[in-house]
Colleague: 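The structure is given below, and queries will be raised subsequently.
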Amino acid sequence: MFKKLKTYAKQITLFSAVSTLLFCIYLMGNSYTAANIAFIVWAITPYLFLAFLINLAANKVTTITTLAITLITCLLGLVTFIGSILSHLDTQSGLVFIDTPLWQWTGLLIITLPLVLLNKIKNQDHLKI
């Protein structure tokens, strides 16, 4: 059952990464400069790290937690990008594309240590209470 949850998390991550890639290509138009390519890489990297994080899940608690983290991270990215593309209400709305991966990275890095510790603690039998 937990392999299915990991598979769902990987599929959600892949969908979000591909969607973000397509959004970035749409925004770039036909100008593929080094800065634009760097921006595309910056926007995709949280999903790559998230895929790595999903593979770290080794037990029930961490698998469910990584699925929740996947949903939050992917929804944050997609909703923010879609909202910014559809509504050009502000002249500074372009900053959303730089800030969103930053916030995704911040959340992923903060949650990585507790997940690794949960994997270690749950896998050791001598720590039973």
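None of the values given here were measured: they were computed from a predicted structure.
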Colleague: In Å, rounded to the nearest 0.5 Å, how long is the span from OG1 of T70 to CG of L75?
Modeller: 10.5 Å

Colleague: A quick test of your reading: do over 12 heavy atoms of other residues, nucleotides or ligands sit less than 6.0 Å from CZ of F52?
Modeller: no

Colleague: Rounded at 0.5 Å granularity, tell me how far CD1 in I82 sits from CZ in F23.
Modeller: 4.0 Å

Colleague: Could you tell me the separation between the NZ atom of K10 and the NZ atom of K3, rounded to the nearest 0.5 Å?
Modeller: 9.0 Å

Colleague: Determine the interplanar angle of the W105 and F49 rings, folded into 0 to 90°, and report it as parallel if under 30°, tilted if 30 to 60°, perpendicular if over 60°.
Modeller: tilted

Colleague: Tell me every residue that passes side-chain contact (heavy atoms from CB on, under 4.5 Å) with T65, counting only those two or more places apart in sequence or in another chain.
Modeller: V61, I69, L115

Colleague: State the CG-CG distance between L53 and L108, to the nearest 0.5 angstrom.
Modeller: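 L53 CG to L108 CG: 6.5 Å, rounded to 0.5 Å.
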
Colleague: Are the side chains of P101 and T20 in touch, meaning some heavy atoms are under 4.5 Å apart?
Modeller: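 Contact flag for P101/T20 side chains = no.
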
Colleague: So among T63, T62, T13, which one has a side-chain contact (heavy atoms from CB on, under 4.5 Å) with I54?
Modeller: T13

Colleague: Carefully, step by step, assess V18 and L14 under the rule side chain to side chain contact (heavy atoms under 4.5 Å, CB included).
Modeller: CA-CA 6 Å; V18 169; L14 179 64; 4.2 Å; yes

Colleague: Between CD1 of I12 and CG of L67, what distance do you get to the nearest 0.5 Å?
Modeller: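 So the CD1 of I12 and the CG of L67 are separated by 5.5 Å.
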
Colleague: Please report the interatomic distance OG(S16) to CG(L21), rounded to the nearest 0.5 Å.
Modeller: 12.5 Å

Colleague: Does the side chain of W103 come within less than 4.5 Å of P46's, by heavy atoms?
Modeller: no

